[in-house]
Amino acid sequence: MRINPAKYLLLFFCIIHAGVIQASDLLRVGIYDNPPKVFLDDNNQPAGLFVDIIIHISKKEGFRIEYIYDSWSNHLDNLSEGRIDILVDVAYSEERAAKYVFSQVPVIESWVQFFTSSGNIINEINDLNYKSIAVLRESLQHNFLRNELREKFDVDFLIRQFDDYEQAIDAIKQNRADLLLADRFFYFSPRRDTILIPTSLILNPVSLFFAYNQSVDQRIINNIDISLGKLKNEPGSVYYQSLNKWLEIYEPDESRIYFYLILALAGVLIVLSVWLIVKLYKRLIQRNRELKFRTSVLESANIMLEELLEERRKTEEAAKQSEEAFRSLFLKSADAFSLLKSGVFVDCNDAAIYFFGFKKREELLGKNPWELSPEYQPDGAKSYEKARKVITKTIDEGNQRFEWRHKKKNGEEVDAEVVLTLIFFKGEEVLHVSLRDITERKKMEKNLRESEGRYRLLVENINDLVIKMDTQGRFLFVSPSYCRLFGKTQEELLNKTFLPLVHPEDRDATEREMNKLHNPPYTCYLEQRALTVEGWRWIAWNDTAVLDDQENVIEIIGVGRDITKQKEAEFELRENEKRWMLALAGTGDGVWDWNLVTNQTYYSKGWKDMLGYDINDLENNYDTWEKLVHPDDLSDVLNTINEHLKGKTQAFVAEYRMLAKSGKYKWILDRGKIIEKDKKGKPLRMIGTHSDITLYKESQLYLEDRVALRTAQMEAVNKELEAFSYSVSHDLRAPLRAITGFTKILSSQYEKQFDDEARRLFGIVSDNATIMDRLITDLLEFSRIGRNSIKRVEVDMTEMVNEVINELVDEEQKGKIEFIIGELPNALADKTLLRQVWVNIISNAIKFTAAREKPEITIGGEISGDKLVYFVRDNGVGFKSEYSHKIFQVFNRLHSADEFEGSGVGLSIAHRIILRHEGNIWATGKPGKGACFRFSLPVSNSD
Amino acid sequence: MKVQVEILLVEDNPYDAELTIRALRQNNLINRVVHVTDGEDALDYLYARGKFSNNTENQPPRVILLDIKLPKISGLEVLKTLKSDPGLKHIPVVMLTSSAQERDIVESYNLGTNSYIVKPVVFEKLVEAIKELGYYWLILNQPYPEEFR
């Protein structure tokens with residue numbers, strides 16, 4: 001089972017509360033003004049029937065009482081919300097029983113009774129029809145009237161509620177209400193004005209109880225019930241004494257004192273009567289005398305009266321004629337007129353008959369307005385109640401004009417504008433009803449509202465600003481978005497001019513643009529700054545003029561949009577442009593900016609300065625440039641530009657000559673780029689720079705000339721060198737041949753004439769000639785390498801090395817020298833020259849290992865990074881490492897010619913060949929330990 | 001009297017010429033040598049003109065040893081003239097030169113030389129080279145038949 005903690009808490013508070021009441025013996029009693037049952041007397045003390053009873057019981061039961069005074073309706077809330085513990089004089093109803101605890105014993109029986117002023121005669125229920133009845137607000141009587149009387153007895157009346165009897169009585173006195181409905185005790189109330197007399201209508205008997213707050217201890221309630229029961233069962237108790245006191249009920253059996261009092265009163269009455277009779281007789285005689293005199297006066301007055309009557313008859317006749325005139329007006333009027341008396345149509349005109357779809361007057365007469373209406377009006381009110389209200393209002397306050405939905409005879413509903421007028425007709429209050437069919441108008445209003453609604457929806461929801469103004473620039477309409485942006489209400493803006501909101505610097509331009517509205521096409525576009533709640537903002541306006549038939553502007557409609565962001569972006573762009581233009585100006589370069597659509601071209605000051613022109617010398621268009629370009633260069637430059645415009649190049653770069661103001665041509669380096677294209681990619685704008693490269697160009701040309709000259713000189717020298725070496729190869733050798741040849745002939749043919757020493761000397765001559773021949777050969781070879789171009793092909797190094805070894809080494813040496821050949825990567829080189837390198841290096845190695853018992857030559861190679869490195873290592877005589885740099889110098893020998901033959905050119909040649917291949921050659925060695933020669937070649941073909 | 005000239009030596013250097021002739025002699029080829037010292041004489045001899053105009057009876061040589069560097073008309077020019085003459089072009093021409101200049105070698109063969117010998121500085125080698133040359137051209141090589149001249 002679920003425990004509801006709130007419930008337990010509530011119960012707990014109830015117990016505490018009940019305990020408090022018991023402990024303090026205090027009961028808070030709600031009292032209000034309803035004499036003689038309960039009220040405050042002249043001394044402001046609680047008094048009345050119920051007060052007597054509760055005081056008696058409190059004394060008996062032993063609790064204290066605190067009175068709390070308030071209005072009846074307030075007390076009902078006070079009781080349910082616990083501000084009072086007990087409320088006296090409460091009629092039982094199921095509704096109330098749900099909110100309060102009622103005592104078991106009723107205090108007294110009651111009923112309701114109508115009171116009225118003397119003018120109204122109420123004998124039966126039906127006399128209540130169309131009467132206005134005053135009651136206390138939220139009283140039992142009110143409930144009875146509202147919920148029971150109408151239903152049960154089929155009568156109709158107006159209910160008027162008042163806070164107290166005093167107000168209700170005033171209303172009756174002033175004819176704002178016909179009747180007062182109160183309980184029977186009201187008759188005994190001092191509040192009852194003598195003007196109010198009870199009618200014979202007595203209704204709705206009820207019992208009146210004490211009602212308690214629900215938290216009051218049930219035992220207290222029971223005790224009070226018991227005490228009350230005792231009081232009621234005991235004749236002469238306080239209960240009955242109080243009843244007598246307040247309701248002036250005579251109880252003969254009660255006491256003899258009353259009997260004697262009445263006898264005494266009867267004696268006094270007889271004496272007074274005798275005295276009155278005598279007095280009256282005397283006055284009668286005197287009156288008789290007076291009457292005779294008055295009769296004569298009256299006779300003369302009678303004659304006067306007859307004259308007066310005759311006059312009145314004439315007046316009435318005139319009035320009758322006037323009435324007929326009005327009546328005919330009434331009957332013939334196109335507006336529907338009718339007369340309403342006590343809520344019933346009593347007369348009407350033809351238009352009214354027609355209005356309701358009737359044929360005869362009798363069909364309408366006798367009906368109520370609400371019978372000819374749908375049950376509910378468009379606002380949801382019941383037609384019947386609403387009609388009663390407006391009728392009362394007309395009577396109370398005068399003419400009423402309102403809209404009303406009627407129902408025709410055929411059921412069709414029709415909207416009418418109704419005017420009710422209170423008139424006095426033949427001494428009676430009658431309502432004149434004027435009806436006008438406004439169904440069409442309502443329909444149009446509805447359409448208008450809908451279309452306005454749609455328009456409003458549009459205008460209120462778009463962010464664009466919409467305004468309408470007159471020709472003076474005064475606002476006739478501003479959209480909510482406009483009001484929001486400018487932080488003003490429509491009322492503040494309407495009929496004011498827009499100009500004060502515009503930035504002072506933009507006002508002239510704005511007015512200039514708006515002048516265009518007066519000529520076709522009667523539109524204009526303008527951008528202006530305006531002071532909004534966010535500060536100055538850029539607004540773009542598209543204005544359109546509204547024209548009259550004569551094409552005069554009568555109004556201007558503007559649609560605006562905040563373009564501050566775009567403007568800021570544009571500004572940023574311009575600033576950027578300014579910055580780089582400034583930067584370029586610093587370099588002395590010129591700037592051009594070519595609009596390809598208009599051919600307008602901007603040339604910076606630097607651009608013009610470069611050619612010596614003043615700012616105003618040249619027009620800012622494309623032709624200016626084309627005219628200045630050297631005629632020989634123009635077609636090339638245009639081709640370059642066209643390549644770029646066609647998108648074939650990333651940028652356009654050209655060098656050409658331009659005519660300076662001095663009449664000389666200057667060399668210009670022109671670099672440009674397309675910076676704007678349209679959506680289809682068509683170039684719109686191109687910018688670029690000019691640099692003066694005249695100096696550079698001139699020095700370049702000078703250099704080119706110099707290079708050509710030098711090349712020619714070199715070629716000549718080369719040719720001379722070639723001729724020289726050619727002659728050397730032929731002419732220097734012939735003497736050598738002669739020396740060796742004739743020495744040989746001398747030594748062989750004249751052998752016997754020479755001794756051994758002479759023959760040795762011949763040998764020396766011959767050997768030196770041979771050495772010289774060798775020197776010449778090598779020198780020529782050396783010079784040849786520098787002259788001839790090299791042809792690179794892929795070389796199989798393994799194959800080449802093996803060939804070279806076979807060539808250099810004869811059969812006898814082969815067995816002796818051990819060649820160890822490792823991996824040799826292929827190279828890209830001049831085959832003849834490379835072969836020479838191998839020959840020179842390997843022969844070198846053979847030469848220097850010849851003296852070794854076991855000559856060993858190792859040959860190998862490897863790829864090292866982007867280089868090929870080859871080596872030839874031997875175990876020969878070696879050399880001192882400090883001489884390694886001399887090895888490759890021409891004619892340099894590290895060993896004497898006696899030790900090893902050779903010209904000292906071979907390694908120089910190898911060195912030269914390797915250098916020409918962009919490689920390197922170097923050697924390492926140690927005396928007696930052998931040497932290692934290495935050379936490198938580039939891996940890739942870089943010639 | 002009709003003399004059968006075996007070798008025409010065209011050499012301007014007298015020492016080279018002597019050495020060459022000595023080498024030929026050692027190989028028993030000397031009796032059949034005619035020595036001229038420049039290109040003009042070489043051509044005059046072959047065409048029997050100028051100072052050789054009365055030599056009309058001489059037979060053409062079986063081989064011509066032609067130095068490249070010659071006064072007046074160079075060896076290469078002589079070679080060019082010979083090889084473009086239908087009457088003389090069948091005579092074998094051996095270019096004798098001091099240098100192994102590539103340019104000369106290529107040019108010689110282009111012009112139709114039959115052989116090319118770099119004159120060795122060492123005499124023994126020269127003798128050896130002349131001997132081989134003589135044997136080849138004078139003994140092993142069959143001359144162009146007489147009747148087709």
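Note on naming: letters A, B, ... go to the chains in the order of the sequence lines (proteins, then strands), and numbering restarts at 1 for each one.
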Peer 1: More than 12 foreign heavy atoms under 6.0 Å from OH of B:Tyr15: is that the case here?
Peer 2: no

Peer 1: As an exercise, state the distance from CZ of B:Arg22 to NZ of A:Lys744, rounded to the nearest 0.5 Å.
Peer 2: 13.0 Å

Peer 1: Just checking B:Lys83: does its NZ atom have more than 12 heavy atoms from other residues, nucleotides or ligands closer to it than 6.0 angstrom?
Peer 2: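 Atom NZ in B:Lys83 is packed in, count exceeds 12.
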
Peer 1: Tell me which of these, B:Ile68, B:Asp67, B:Leu19, has more heavy-atom pairs under 4.5 Å with chain A than the rest.
Peer 2: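 Top option by heavy-atom pairs under 4.5 Å: B:Leu19.
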
Peer 1: Quick check on A:Lys816: does its NZ atom have over 12 non-hydrogen neighbours (other residues, nucleotides or ligands) under 6.0 Å away?
Peer 2: yes

Peer 1: Need one label for A:Ile745: side chain, backbone, both or neither, based on atoms under 4.5 Å from any heavy atom in chain B.
Peer 2: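 Only the side chain of A:Ile745 comes within 4.5 Å of chain B.
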
Peer 1: For residues 760-769 of chain A, which side-chain donor-acceptor pairs fall under 3.5 Å, sequence neighbours excluded?
Peer 2:
| residue | atom | partner | partner atom | Å |
| --- | --- | --- | --- | --- |
| A:Arg760 | NE | A:Glu757 | OE1 | 3.3 |
| A:Arg760 | NH2 | A:Glu757 | OE2 | 3.1 |
| A:Asn768 | ND2 | A:Ile764 | O | 3.0 |

